There are 2 protein chains.
Amino acid sequence: MPIGLEVSEIKKLDEMIEKRRQVKQGQMLYANGDPFTSLYAIRTGFFKTCVVNEDGREQVTGFQMAGEIIGLDGIVSDQHSCSAIALEDAEVCIMPFASVEDLSREIPALQRHVHRVMSREIVRENGMMMMLGNMRAEERLAAFLLNLVQRLHARGFSQSEMVLRMTREEIGSYLGLKLETISRTFSKLSDDGIIEVKQRYVKILAPDTLKKLSNPQTCQTVL
Amino acid sequence: MPIGLEVSEIKKLDEMIEKRRQVKQGQMLYANGDPFTSLYAIRTGFFKTCVVNEDGREQVTGFQMAGEIIGLDGIVSDQHSCSAIALEDAEVCIMPFASVEDLSREIPALQRHVHRVMSREIVRENGMMMMLGNMRAEERLAAFLLNLVQRLHARGFSQSEMVLRMTREEIGSYLGLKLETISRTFSKLSDDGIIEVKQRYVKILAPDTLKKLSNPQTCQTVL
DNA sequence: CTAATCGTTTGATTTATATCAAGGACTTTG
DNA sequence: CAAAGTCCTTGATATAAATCAAACGATTAG
């Protein structure tokens, strides 16, 4: 994944990725409390990560797709503090973290890459805190949908259409809302002609309006 | 900070920390958009970090005290995506990130440490997402107060008393609540005899009750 | 010492979202 | 095809927290 590597370095990276693992829909890649050994690079498929409270409340902390790295939560205490569950059949590359650290010391570009991946996750979560702390339901869902299509588009899919891999309840958990609120907000956006929704299928009809919703200021700036 | 280093390694670390910087109360250590060059280890004082939305809404993403590292948000894009502001006169060690990376390649214990620090931040933010997404005002404030005293206690201060460095509004921003709600919740906890509050001074009178509030399940388990 | 400012508390009211409830749509299984 | 199970939608109502408003306490400036 890091760029600008020499052939010998690429070979070492290939060796590091010792094996792959298939994860069936609904199956856990790792669970809260599992010993931490490896990071996982998603090759195909779609995951959610979630933490559970002692009283059983579940918070989805992220949705991850091909090309993204999961497992970083386990580094600090050598055990995972969240669970990763496949939302569709998936395949991951297993990257033993000890090897990642060894190779990072040899290959500065890899070291850089690892640092960036971790920093990106920190920044993403800062954004989620802003979302959960300050935004209203419609803003949250708008921002969520825009983020999803943008990431899918970067992977060669449409920039206006998608099929959600998660339930309303999982979206709600991620956005700090109840499933009914997600459903109502979908209906509202649909009634307003901003999106078209048919179950898991979503088409963005008015991307600019959606962007304004996810960030009211832009709207004011335009006026 | 990492342990188990040789003398020569400690010497190198000392050289890396090229200089210190004083930050007066209310002053910014770095601002959103500033070019990223260094991490900062807080020697003394107290900081808040916050992100601002395009429409000006501010979200406090953390409160940091002596011994903690700030600036990790800047790594991914070579510029800071949040601002760090001193809530009391502070002093930080400036650690140029290029040097951190260079030394990390030489000193595995430092490399390990950097990875742990970043992972810890990711895990902390996962917990914040749980808080913001699932918990009620009283639970959030209870968890917040317990976290603060615990960290202060680890630094040699009392495990039951503290003087808050931040306003009700800043606590509210961090916890996704308005300042009035923070104030009311303080009053409620005080009326219930769980804490004693006098402006910024807070004394925890019933730590077990506070723990139960921050995690209802424990309570049910006991019953 | 007085005025001004900033942060806090408290009360009254509003509101966004949660909760409770029922039914509908789609999928899977027998 | 029928039955069961999921997931989703929608309506009615409840509620936690926000908002609006006023006053109070502590600190700073003149």
Side-chain angles (χ1 to χ4, degrees), chain A residues 24-26 46 48 55 57-60 85 87-89 131-145 162-192 195-202 213 216, chain B residues 24-26 46 48 55 57-60 85 87-89 131-145 163-192 195-202 213-214 216:
Chain A
K24 284 268 167 222
Q25 185 175 117
F46 200 93
K48 69 169 177 180
D55 57 330
R57 276 175 287 185
E58 182 176 300
Q59 172 73 36
V60 172
I85 293 148
L87 295 183
E88 63 179 19
D89 291 359
M131 191 119 126
L132 294 168
N134 279 301
M135 297 168 88
R136 284 171 318 95
E138 203 175 44
E139 297 180 70
R140 295 187 205 187
L141 189 60
F144 170 74
L145 292 175
M162 59 187 156
V163 176
L164 302 175
R165 252 68 232 208
M166 69 293 279
T167 66
R168 305 290 191 253
E169 185 163 20
E170 287 162 336
I171 297 172
S173 173
Y174 185 52
L175 300 180
L177 300 165
K178 294 295 164 187
L179 72 94
E180 294 95 329
T181 303
I182 299 298
S183 181
R184 280 185 236 274
T185 309
F186 265 126
S187 300
K188 169 88 164 39
L189 293 175
S190 179
D191 291 349
D192 294 351
I195 61 174
E196 187 188 321
V197 196
K198 185 96 191 282
Q199 300 286 124
R200 302 282 179 100
Y201 168 83
V202 177
L213 280 181
Chain B
K24 284 266 167 222
Q25 185 176 117
F46 200 92
K48 69 169 177 182
D55 57 330
R57 277 175 287 185
E58 182 176 299
Q59 173 73 37
V60 172
I85 292 149
L87 296 183
E88 63 179 15
D89 291 358
M131 191 119 125
L132 294 168
N134 280 301
M135 297 168 88
R136 286 170 317 95
E138 203 176 44
E139 297 181 69
R140 294 187 205 188
L141 190 59
F144 171 73
L145 292 174
V163 175
L164 301 175
R165 251 69 228 207
M166 68 293 279
T167 66
R168 304 288 191 254
E169 186 163 20
E170 286 163 335
I171 298 172
S173 173
Y174 185 53
L175 300 180
L177 300 165
K178 294 297 166 189
L179 70 95
E180 295 94 329
T181 304
I182 299 298
S183 181
R184 279 184 236 276
T185 310
F186 265 127
S187 300
K188 169 86 164 41
L189 292 176
S190 179
D191 291 350
D192 294 351
I195 62 174
E196 186 188 322
V197 196
K198 185 97 192 281
Q199 299 287 122
R200 302 282 178 100
Y201 168 83
V202 177
L213 279 182
S214 80

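Atoms considered below: every heavy atom in the structure, side chains included; atoms not considered: hydrogens, waters and symmetry mates. Reminder, nothing fancy here: chain letters follow the sequence lines and each chain counts from 1. Keep in mind that what you see is a predicted model, and the values were worked out from it rather than measured.
Residue A:Thr167 is in sugar-phosphate contact alone, with no base atom involved, counting any heavy-atom pair closer than 4.0 Å across all strands shown.
Straight-line distance from the CD atom of A:Glu169 to the C1' atom of D:dT9: 15 Å, rounded to whole Å. As a whole-Å value, the separation of A:Lys178 NZ from D:dA16 P is 13 Å. We find that CE of B:Met166 is positioned 14 Å from P of C:dG7, with the value rounded to whole Å. A:Tyr201 places its OH atom 18 Å from the C1' atom of C:dC26, with the value rounded to the nearest Å. A straight line from CZ of A:Phe186 to P of D:dC8 spans 9 Å, rounded to a whole angstrom. The interatomic distance linking B:Lys188 (NZ) with C:dG11 (P) rounds to 15 Å, in whole Å. Between the CD atom of B:Glu180 and the P atom of C:dT14 there is a distance of 17 Å, rounded to whole Å. Across the protein-nucleic acid pair, B:Arg168 atom CZ and D:dG25 atom C1' stand 12 Å apart, rounded to whole Å.
Sequence order on DNA chain C of the closest nucleotides to A:Leu179 and A:Gln199 puts A:Leu179 first from the 5' end. Of the two residues contacting DNA chain C, namely A:Gly176 and A:Lys198, the nearest-nucleotide position lying further toward the 5' end is that of A:Gly176.
With B:Phe186 as the fixed residue, the side-chain contact (heavy atoms from CB on, under 4.5 Å) test singles out one of B:Leu145, B:Thr181, B:Asp191: B:Leu145.
For A:Ser183, the listed nucleotide lying nearest its side chain is D:dT10; candidates were C:dT17, C:dT9, D:dT10. Comparing C:dA18, C:dT10, D:dA17 by their nearest atom to the side chain of B:Ser187 picks out C:dT10. Candidate nucleotides C:dT8, C:dT17, C:dT19 were compared by shortest atom distance to the side chain of A:Leu177, and C:dT17 ranks first.
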Check against side-chain contact (heavy atoms from CB on, under 4.5 Å), B:Thr167 and B:Leu179 = CA-CA 8 Å; B:Thr167 66; B:Leu179 70 95; over 6 Å; no
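Of the inter-residue distances, the one linking A:Glu139 atom CD with B:Asp55 atom CG reads 7.0 Å to the nearest 0.5 angstrom. Note that the CZ atom of A:Phe144 and the CD1 atom of A:Ile182 stand 8.0 Å from one another [nearest 0.5 Å]. A:Lys48 contributes atom NZ, which lies 4.0 Å from atom CD of A:Glu170 (distance to the nearest 0.5 angstrom).
Scanning atom types as modelled, one donor and one acceptor separated by under 3.5 angstrom connect the side chain of A:Arg184 and the base of C:dT19.
For D:dA18, one of the phosphate oxygens OP1 or OP2 lies less than 4.0 angstrom from a side-chain nitrogen or oxygen of B:Thr181. OP1 and OP2 of C:dC26 both lie 4.0 Å or more from every side-chain N or O belonging to A:Arg200.
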